[in-house]
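Following: one structure in structure tokens, then a few remarks.
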2 protein chains.
Amino acid sequence: MTSPQMLLAIQIANGYGAQPGAWRMPGVDPSSYTDMDQFVRYAQAAERGKIQLVFLADTPALDVDLEREAPHHAIDPLVVLTSMARGTERIGLVATSSTTLNEPFTIARQFKALDVVSHGRAGWNAVPTSHRAAAANYGMTLPARAEKYERAHEVVQVVQALWGSWERDAWVRDVAGKRFADMSKIRPIDLQGRHVASRGPLAIPPSEQGQPVVFQAGGGANGLELAARYASGVYANPFTIEEGRAHRTALRAAAERVGRDPDEVKLFAGFMPSIAPTRRAALDRRRRLDESVDLDQRVTYLGAMLGLHLAPGRLDEPLNARELAAVRPSPADPRSARALEVAREGWSLRDVLAHGVIDYHPVVPGTAADVADHMQEWFQAGACDGFSLAIDVYSDGIDAFVDQVVPLLQERGLFHRDYEEATLRGHLGAPAQYGLDPRLAGAARTSN
Amino acid sequence: MTSPQMLLAIQIANGYGAQPGAWRMPGVDPSSYTDMDQFVRYAQAAERGKIQLVFLADTPALDVDLEREAPHHAIDPLVVLTSMARGTERIGLVATSSTTLNEPFTIARQFKALDVVSHGRAGWNAVPTSHRAAAANYGMTLPARAEKYERAHEVVQVVQALWGSWERDAWVRDVAGKRFADMSKIRPIDLQGRHVASRGPLAIPPSEQGQPVVFQAGGGANGLELAARYASGVYANPFTIEEGRAHRTALRAAAERVGRDPDEVKLFAGFMPSIAPTRRAALDRRRRLDESVDLDQRVTYLGAMLGLHLAPGRLDEPLNARELAAVRPSPADPRSARALEVAREGWSLRDVLAHGVIDYHPVVPGTAADVADHMQEWFQAGACDGFSLAIDVYSDGIDAFVDQVVPLLQERGLFHRDYEEATLRGHLGAPAQYGLDPRLAGAARTSN
């Protein structure tokens, strides 16, 4: 019996990196946003590191001030993942597609097409959209939350039913017998819900993993229920080990309640390493990245987290003794304890911010060993089943992670040394499933 | 001043060929349907022949008896074209996406993503869907024809407006100046029609050709109007030179009525060559392909075209003198004159059918010179601006066309010897357009 090992996903967003200033860093091609050669190179580097999957989050809206930042998402997830599929052999390929904005037939077709061309490596992150501008791009106003989740259940069920509309052995290809397929094994699904419907069948045979793996990333009780029923992987954003454990425990319990083995659902915790030969060099790397952001605004925000009024213009001073005595970390922000911990070490405010204390994932700026230590601590504390890595700058950051951190994790027995299987389902240890999960038949939101 | 030269498109359907029996032919991998290596090889062969574009027609429905035939369409046009984009440099990449079933934001995003990753080689064939099963896959019943075309105008306008939502020079990428883009040149479109709406902007900068080229393939007066307003290329299915001339004349007149130069819209006539060293060998190739179809049924249909009652079971006999005296070619089927011409040559009914007289495009089974002669005749008669080639079996048929017919067309001055430009717009001689066509502002179906 070997100890459990962590699973790793690499988030690939806009082609530059997880930090807003990534597009301007030395060695980065500022045209990477549209350059599939770069995206393929990133996926190949991740595959060299035996990373289980790349993940493209997506919101179909331009929700950023492009004067200083690159767009937050890739030009199109399907185009990017197809390009990666053509340039890699083993790594899983997962992207978000909204259950609120898309029709299930389109999702089913496009993700299953990706699945067959990648030989069983596709995954779909099924999430409702909460973004007003994205809905407006589709001529919609956002439905109420309950409505959105009701539709999400229907969409996942219709998509999975379409995926299963050819039986596993329907595609005969018998040249001598002049028989292309066994039509008795290819059937319409005829599902009708309150929000969506589809007749089927899909015109796509099974892939090497049968059908794509479902992921989930929504929050709250609704998100938990969606994940518990359908997902093999969940992208979560805990800021502390405690948050991670609480989420993972709730997820496993929810899966158990619907009759699944809790090990069928893996929680990936978002994590943002910045790797350099020393902690100082890692902070300098992040300071360079921070040149693209408004630090005075961040200082004000940091002050609010610590219960202090911090004036702009004092970026290069640390908190003084009077301030440290007066801090009242905000209980509303789970990041405030870590912010205080770093501030107490005496760093300048610029360096406190360079530690990523107000970033959207936990950040470790440091050596490969610092990064591996953090991951080990979280993983062994049961805060997650693995990590969804938001690499600061892809062009050198993926290589640094793969060449420096991965070997440490492997030496410590925390990460596999090679892919054990050929498919994404195999990488995740996700059980075989084809079509709808028969254990969930009682929970059907759609009917014939 | 050089003489006009024809344009060539190659239709790529299911991975096998334009004939139902293609999947079973010698040398054909019966798994090609899902194998992107094959599709890329076809596109590379077409590119070697300086073919202007590959075209994937699409209907999102499984509308064929798979016991004997392969599906009519590719697993997913975007996945296939993206794969081709990664394996080719110059050839245009065009696919159908339904204006009835899809939201304009999805079409705009996916085709423009393909356009930037292919460096300006994408085209969108904008057609309403008339297929009941396709609508049912989207939980819809088909709208009335007028309604469908009204929506089609709106969808094309919204898509083109989204494509133009970044000005040509908006993507600054000024590393030293810390400026990613000029936000004063990236704007919402805020278009609202009766059927669709979108706010925008799209998060994709211009491609090397600005934005994808629009094609059209619908029939009737509605299709003509749609093509006249927006299309740079039209896929048409004339069976005779007269039909081709009539369609092309009507198309050019319609374009002129909306203020466009008629040369801006090119008509591609569907054409199906079967190339072999002799006509007899070409007929034998098609006879082998016909082994997958019900020839008795086709004989019955042939009889109806000729005004004869033809009993099954006499496939290897020609029409006799009494029958030839009694023929009354059906005026309702434009193919009947050609069928009679072939029957009068004394071929057996099996060979008459092997001539493709009841196929969905004109067929020439013969030598490369026979094929080139046919194309020359049609082109010089003004029946088309070029051809959309339905190659019987892709695995050797594209090579045969490229290596044998293309050189003849080039020697005769009918086809270019190399790509003159790098983009699809350049290949077609289509005028620059970015965003909506300002000449059509008066015809707007959508408003702010």
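Labels below follow one simple rule: chain letters A, B, ... track the order of the sequence lines, proteins then strands, and each chain is numbered from 1.
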Picking from [options], which has the most non-hydrogen pairs under 4.5 angstrom with chain A?
{"options": "B:L62, B:L78, B:V196, B:D76", "value": "B:D76"}
{"options": "B:G139, B:A197, B:A181", "value": "B:A181"}
{"options": "B:A170, B:A70, B:A108", "value": "B:A70"}
{"options": "B:P205, B:A61, B:S207", "value": "B:P205"}
{"options": "B:E67, B:H73, B:R179, B:H119", "value": "B:E67"}
{"options": "B:M36, B:K178, B:R173", "value": "B:K178"}

Counting only non-hydrogen atoms closer than 4.5 Å, does [X] touch chain A with its backbone (N, CA, C, O), its side chain (CB onward), both, or neither?
{"X": "B:S184", "answer": "backbone"}
{"X": "B:E103", "answer": "side chain"}
{"X": "B:E291", "answer": "both"}
{"X": "B:V79", "answer": "both"}
{"X": "B:S292", "answer": "neither"}
{"X": "B:L202", "answer": "backbone"}
{"X": "B:A133", "answer": "both"}
{"X": "B:V158", "answer": "neither"}

* chain B contacts, top residue of A:L114, A:I186, A:D174 (heavy-atom pairs, under 4.5 Å) ->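 Highest number of pairs under 4.5 Å: A:D174.
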* A:D63, A:V116, A:T34: which one forms the most heavy-atom pairs within less than 4.5 Å of chain B? ->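 Most heavy-atom pairs under 4.5 Å with chain B: A:T34.
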Could you give the distance from [atom1] ([X]) to [atom2] ([Y]), rounded to the nearest 0.5 Å?
{"X": "A:L66", "Y": "B:K185", "atom1": "CG", "atom2": "NZ", "result": "14.0 Å"}
{"X": "B:R109", "Y": "A:D58", "atom1": "CZ", "atom2": "CG", "result": "4.0 Å"}
{"X": "B:I75", "Y": "A:K112", "atom1": "CD1", "atom2": "NZ", "result": "10.5 Å"}
{"X": "A:F105", "Y": "B:L101", "atom1": "CZ", "atom2": "CG", "result": "9.5 Å"}

* **ring pair (Phe, Tyr, Trp, His ring centres under 6.0 Å) partners of B:F39, counting only residues at least two apart** =>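 In terms of ring pair (Phe, Tyr, Trp, His ring centres under 6.0 Å), with neighbours along the sequence ignored, B:F39 is linked to no residue.
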* Could you look at A:S31 and say if it's the side chain, the backbone, both or neither that has a heavy atom under 4.5 Å from chain B? =>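 Backbone plus side chain of A:S31, per the 4.5 Å heavy-atom cut-off to chain B.
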* Heavy-atom contact with chain B under 4.5 Å, split by part of A:V64 ->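 The backbone, not the side chain.
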* Identify, with sequence neighbours excluded, every residue that meets salt bridge (Lys or Arg N to Asp or Glu O under 4.0 Å) alongside A:E208. =>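 Salt bridge (Lys or Arg N to Asp or Glu O under 4.0 Å) check on A:E208 returns nothing, list empty.
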* Indicate the atoms forming the closest heavy-atom contact of A:P71 with B:F180, along with that distance. =>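 That would be CD-CE2, 3.4 Å.
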* To do: Identify the two heavy atoms, one from A:N102 and one from B:T106, that lie closest to each other, and give their separation to 0.1 Å.
  =>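 Heavy atoms only, the tightest pair is OD1-OG1, 4.1 Å.
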* Sort by residue number and list every member of residues 14-29 of chain B having a non-hydrogen atom under 4.5 Å from chain A. =>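 Counting heavy atoms that sit under 4.5 Å from chain A, the residues of residues 14-29 of chain B involved are B:Y16, B:W23, B:R24.
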* Enclosure of B:R187 CZ (heavy-atom neighbours >12, cutoff 6.0 Å) ->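 Atom CZ in B:R187 is packed in, count exceeds 12.
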* **Over 12 non-hydrogen atoms of neighbours within 6.0 angstrom of CZ in B:R168** =>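 Counting other residues, nucleotides and ligands, CZ of B:R168 exceeds 12 neighbours.
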* Asked: What is the ring orientation for B:W166 with A:Y33, classed by angle as parallel under 30°, tilted 30 to 60°, or perpendicular over 60°?
  ->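 The arrangement is parallel - the two ring planes meet at less than 30°.
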* To do: May I have all residue pairs that pass side chain to side chain donor-acceptor pair (under 3.5 Å) and include part of residues 78-87 of chain B, sequence neighbours excluded?
  =>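 As it turns out, the side chain to side chain donor-acceptor pair (under 3.5 Å) pairs with a partner in residues 78-87 of chain B, which skip direct neighbours, are A:D37-B:R86.
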* Determine yes or no for a side-chain-to-main-chain donor-acceptor pair under 3.5 angstrom, with A:N137 supplying the side chain and B:G200 the backbone. =>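 Looks like yes, one N/O pair under 3.5 Å.
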